[in-house]
Amino acid sequence: MPTPLYRFHCTDGHDLIADRLGKRLPTWALMRAHAARVALDLMLGGAPRDWSAWTVEIYDAAGRHVLSKPFTDVLDNRPPRQG
């Protein structure tokens with residue numbers, strides 16, 4: 001069985017950052033971890049803004065919605081900063 005392909009689109013309900021390539025991940029846990037990484041990379045790499053309304057919307061290769069991961073979940077689970 002091939003490894004499932006997921007697309008990780010980010011949106012606040014108005015703006016959309018589409019994942020055109022997707023990522024193949026073998027487990028649900030890795031898919032959730034990748035969603036958190038996508039959100040964190042966007043928050044750290046983009047201009048400062050209020051990310052509280054943003055979510056990562058995950059879709060499978062057939063275009064079916066699989067999971068929503070709010071950016072606030074990622075912010076709430078960050079390890080404390082050192083130094």
Side-chain angles (χ1 to χ4, degrees):
M1 178 181 255
T3 304
L5 176 73
Y6 299 102
R7 297 195 196 299
F8 298 82
H9 305 303
C10 298
T11 185
D12 66 352
H14 300 284
D15 294 318
L16 173 69
I17 300 170
D19 176 5
R20 297 180 198 273
L21 299 177
K23 183 148 182 92
R24 292 192 179 277
L25 298 161
T27 67
W28 185 263
L30 289 173
M31 178 196 57
R32 291 176 57 86
H34 185 71
R37 172 50 57 193
V38 166
L40 191 57
D41 286 350
L42 187 58
M43 288 185 283
L44 294 175
R49 65 175 359 162
D50 178 9
W51 295 106
S52 62
W54 283 76
T55 60
V56 180
E57 300 294 336
I58 306 166
Y59 291 83
D60 67 13
R64 293 179 295 242
H65 185 258
V66 176
L67 182 74
S68 295
K69 178 83 170 161
F71 279 34
T72 53
D73 285 0
V74 176
L75 289 172
D76 293 342
N77 291 317
R78 285 185 300 176
R81 292 183 100 185
Q82 301 276 327

> Which atom names give the shortest non-hydrogen contact between Val38 and Cys10, and what distance separates them?
Replying inline: CG1-SG, 3.6 Å
> If you look at every heavy atom in Pro26 and Thr3, which pair is closest and at what distance?
Replying inline: N-CG2, 3.4 Å
>> Within this structure, what is the CG-CZ distance for the pair Leu42 and Phe71, rounded to the nearest 0.5 Å?
In response: 4.5 Å
> Quick one: does Asp60's side chain get under 4.5 Å of Pro4's, heavy atoms only?
Replying inline: no
>> If I take atom CE from residue Met31 and atom CG from residue Leu67, how far apart are they, to the nearest 0.5 angstrom?
In response: 5.0 Å
>> Run the salt bridge (charged side-chain N to carboxylate O under 4.0 Å, His left out) test against Asp12 and tell me which residues pass, sequence neighbours left out.
In response: none
> Where the side chain of Arg7 meets the backbone of Leu21, is there a donor-acceptor pair that is under 3.5 Å apart?
Replying inline: yes
>> Parallel, tilted or perpendicular: which one describes the rings of His34 and Phe8, with boundaries at 30° and 60°?
In response: perpendicular
>> Please determine whether side chain to side chain contact (heavy atoms under 4.5 Å, CB included) holds for the pair Tyr6 and Asp19, giving the CA-CA distance in whole Å, both sets of side-chain angles, and the decisive distance to 0.1 Å.
In response: CA-CA 9 Å; Tyr6 299 102; Asp19 176 5; over 6 Å; no
>> Rounded to the nearest 0.5 Å, what separates atom CD1 in Ile58 from atom NZ in Lys69?
In response: 8.5 Å
> What pairs with Tyr59 under ring pair (Phe, Tyr, Trp, His ring centres under 6.0 Å), at least two apart in sequence or on another chain?
Replying inline: His9, His65
> Leu5 and Trp28: same hydrophobic cluster, using ILVMFWY side-chain contacts below 4.5 Å?
Replying inline: no
> Can you list every salt bridge (charged side-chain N to carboxylate O under 4.0 Å, His left out) pair that touches residues 35-56, not counting sequence neighbours?
Replying inline: Arg37-Asp41
>> Show the nearest heavy-atom pair for residues Ala39 and Val74, with the distance to one decimal.
In response: CB-CG2, 3.9 Å
